[in-house]
Amino acid sequence: MPLNGDLHDGGGNAGAVIMRKMAIWTVVVLWVLLTSASMGFSLGVNWGRSSSHPLAPATVVAMLQANNVSKVKLFDVDPLVMEALSGSKIDVMVGIPNEMLRLLNASKKAAVDWVHNNVTRYVDNTGGGGVVNIEYIAIGDEPFLHSYGELYKPFVLGAATNIQLALIRAKLGDKIKVVVPCNYDVIQSDSYLPSKASFRPDVNKTMSQLLPFLNKHASPFVINLNPFLTLLQSKNFSIEQALFLPISHSLKDGHKAYNNTFDASIDSLATVLSKMGFGNMDIMVGQVGWPTDGSVNASSSNAQSFMSGLVDHLESKVGTPLRPRRPPIETYLFSLLDEDLRSVSTGNYERHWGIFTFDGQAKYRVDLGQGSGNLVNSQNVDYLPSKWCVVDNNKDMTNASTEALNACSSADCTSLFRGGSCFNITWPGNVSYAFNSFYQQQDQRADSCDFGGLGLITTVDPSVGECRFAIGLRTSFSCTIHYDCLRCWVFILIMYSFVFTV
């Protein structure tokens, strides 16, 4: 029977008719609201594990749940991490390392095996286990990065195609999408104006093949943004623009005005996609954040301003000048935790992206889903004993700086350099910091606080102001940093003159 026929009351009860109309319209309004909400932005976090002493996966998942984080992006598939996520109802993007792309491009069987071992086993609960809500598979991690040259680029599309075929074979093709996270450097614009943006010439052909693949499978274009790096490199953007703060002069691009770097970056990509014939393709931000240490302007206060401004901007759903009321479908904040094994080739700040410290303690306030209250820290963290390694001032200090350099060749001393939270503690406090960093990384082994007899183990916390002398975590997984020695020592010697001199 037609819907309008149901509205007539055979007894002529006008009141009943009105009530039934109101009930139907209530359902319609609720449906529209729910549908609109589902079309809004979604917020997630990147969970990297490039750490010498990572938090236990179960501890991290509990922290995510306590803060109502509903989405997480991983860079690989770690069985312990997947086990912790099982049954959590957190949506997951898993990553395939760049080093695997050549094999997956060359072998359909390798792709089938990868999907079976890293996806199917976690989304199929026929064995009675919990399910991991895998939504996306990321093909590589910024495989088109300009500095990589042709190292991974030739294998991306083939790997993506074979993984897609493997998903279809596993009857997951309509449930899990294949994406390719791209660093923003795939886009170039000499004037920084969105309307002038284009793909880099060396990736243009590859993109002309990748975009039809993504479009065919309704996959979004994933772009990783780094407004902090944009600020360092560009004179056209002020720190106020980068941090979503009020500005006196907008970036003008024809009739459009840009008040923040984020919108300008999104519209640069939107311009490029339109030029390639895919102007309606969804955009996802795979990484965006602000570091808290290791460089000038890298601070917790600036990070809080950026994150709060970003979240407010996304929640408003105002979109961008080119895409009004159409913000990125998902945005993943970078990053959940500090990681002391990340490469510092682009800057010391690379190890300080975390919203939380390496041990899961919040650095500032931001709404990840928990509301306006404070972030919930990790609970029941298993620390090593409250001991630190410092320099013994009663010894001959002639070789102290050399020993500190030796410590920093393995440990993380990025907070000591210009702009860092420990830059101003001066000599020999900076030597103690280097000693302690190495000592904690080596699980507080007694011989790791020797340093030619200059080391001294103490139970008195040597932290100074904002300079935190950390205590390591007790963990089943710990390792010593092994860098390319030449790169490491060149870096150290450059910094030597202003870090470890009296």
Side-chain angles (χ1 to χ4, degrees), residues 45-54 73-76 78 95-101 138 140-153 181-186 223-233 286-298 303 332-358 405-422 434 437-438 440-441 470 477-496 499:
V45 297
N46 284 264
W47 177 7
R49 286 171 53 80
S50 297
S51 176
S52 60
H53 290 72
K73 177 169 167 277
L74 307 174
F75 295 90
D76 56 13
D78 185 317
I96 298 177
N98 290 331
E99 291 74 19
M100 293 192 65
L101 300 185
D141 180 25
E142 301 182 341
F144 302 131
L145 196 65
H146 190 265
S147 60
Y148 289 156
E150 297 295 313
L151 190 58
Y152 306 115
K153 183 168 51 178
C182 296
N183 187 282
Y184 186 72
D185 80 348
V186 298
I223 192 76
N224 293 349
L225 305 180
N226 190 339
F228 183 79
L229 185 60
T230 301
L231 177 67
L232 293 179
Q233 296 177 341
Q287 293 181 20
V288 64
W290 198 273
T292 60
D293 205 344
S295 178
V296 175
N297 291 324
Y332 290 84
L333 303 180
F334 190 79
S335 182
L336 182 64
L337 300 160
D338 282 346
E339 302 168 72
D340 66 342
L341 296 187
R342 281 183 60 82
S343 168
V344 294
S345 59
T346 57
N348 293 322
Y349 60 85
E350 288 290 355
R351 295 180 179 170
H352 303 279
W353 287 104
I355 298 169
F356 295 83
T357 56
F358 77 100
L405 286 171
N406 289 334
C408 288
S409 68
S410 177
D412 178 27
C413 296
T414 52
S415 294
L416 286 174
F417 299 128
R418 188 176 302 278
S421 59
C422 299
S437 182
F438 183 84
Q440 303 297 338
Q441 195 176 82
F477 172 77
S478 60
C479 61
T480 302
I481 305 176
H482 295 286
Y483 294 110
D484 177 336
C485 292
L486 177 60
R487 179 187 297 175
C488 177
W489 278 102
V490 168
F491 172 75
I492 290 170
L493 290 174
I494 290 174
M495 299 297 180
Y496 174 85
V499 175

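The structure presented is a predicted model; accordingly, all values stated were derived computationally and were not measured. Values reported hereafter were calculated over all heavy atoms of this structure, with side chains retained and with hydrogens, waters and symmetry mates removed.
- The closest donor-acceptor contact from the side chain of W353 to the backbone of E339 lies at 3.5 Å or more, if one exists at all.
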message: With side-chain hydrogen bond (donor to acceptor under 3.5 Å, both in side chains) as the criterion, how do T357 and D338 come out once you've worked through the C-alpha distance, each side chain's angles and the decisive distance to 0.1 Å?
response: CA-CA 5 Å; T357 56; D338 282 346; over 6 Å; no
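- Taking both residues in full, the closest heavy atoms of A434 and A407 are given as O-CB, 3.6 Å, listed atom of the first, atom of the second, then distance.
- For the pair Q441/D340, a side-chain contact is recorded, criterion being any heavy-atom separation below 4.5 Å from C-beta on.
- Using a 4.5 Å cut-off on side-chain heavy atoms (C-beta onward), Y349 and L232 make contact.
- Taking 4.5 Å as the limit, every side-chain heavy atom of V288 sits out of range of all side-chain heavy atoms of Y332.
- Between R49 and D78 the shortest side-chain heavy-atom distance falls below 4.5 Å.
- Between the CZ atom in F358 and the CG atom in L337 there is a gap of 10.0 Å [rounded to 0.5 Å].
- Taken from CG in L229 to OH in Y184, the straight-line distance is 11.5 Å, to the nearest 0.5 Å.
- Taking 4.5 Å as the limit, every side-chain heavy atom of Y148 sits out of range of all side-chain heavy atoms of P143.
- D141 contributes atom CG, which lies 6.0 Å from atom NZ of K73 (distance to the nearest 0.5 angstrom).
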field: Residue pair H352, T414: steps toward the side chain to side chain contact (heavy atoms under 4.5 Å, CB included) verdict
entry: CA-CA 9 Å; H352 303 279; T414 52; 2.7 Å; yes
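- The closest donor-acceptor contact from the side chain of Q287 to the backbone of F334 lies at 3.5 Å or more, if one exists at all.
- S421 pairs by the side-chain hydrogen bond (donor to acceptor under 3.5 Å, both in side chains) definition with D293, not counting sequence neighbours.
- Between the side chain of S437 and the backbone N or O of D412 there is at least one donor-acceptor pair closer than 3.5 Å.
- To the nearest 0.5 Å, atom OG of residue S50 and atom CZ of residue F75 are 8.0 Å apart.
- Shown are L231, L333, I355; of these, the side-chain contact (heavy atoms from CB on, under 4.5 Å) with W290 is made only by L231.
- To the nearest 0.5 Å, the span separating CD1 on I223 from CG on D185 amounts to 8.5 Å.
- Here the side chains of N183 and F144 are not in contact, with every heavy-atom distance at 4.5 Å or above.
- With sequence neighbours excluded, the residues satisfying side-chain hydrogen bond (donor to acceptor under 3.5 Å, both in side chains) with N224 are E142.
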- request: Kindly determine whether T346 and E350 satisfy side-chain hydrogen bond (donor to acceptor under 3.5 Å, both in side chains), including the steps that lead there.
  value: CA-CA 7 Å; T346 57; E350 288 290 355; 2.6 Å; yes
field: Stepwise side chain to side chain contact (heavy atoms under 4.5 Å, CB included) test for L101 and Y152
entry: CA-CA 7 Å; L101 300 185; Y152 306 115; 4.2 Å; yes
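- Counted by atom type alone, S335 and N46 present zero donor-acceptor pairs between their side chains at under 3.5 Å.
- Between the side chain of D76 and the backbone N or O of G95 there is no donor-acceptor pair closer than 3.5 Å.
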- request: Please report the C-alpha distance between S295 and F228 in whole Å, then the side-chain angles of each, then the deciding distance to 0.1 Å, and finally whether the side chain to side chain contact (heavy atoms under 4.5 Å, CB included) criterion is met.
  value: CA-CA 10 Å; S295 178; F228 183 79; 3.7 Å; yes
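- The backbone N or O of N406 sits nowhere less than 3.5 Å from a side-chain atom of S410 that would complete a donor-acceptor pair.
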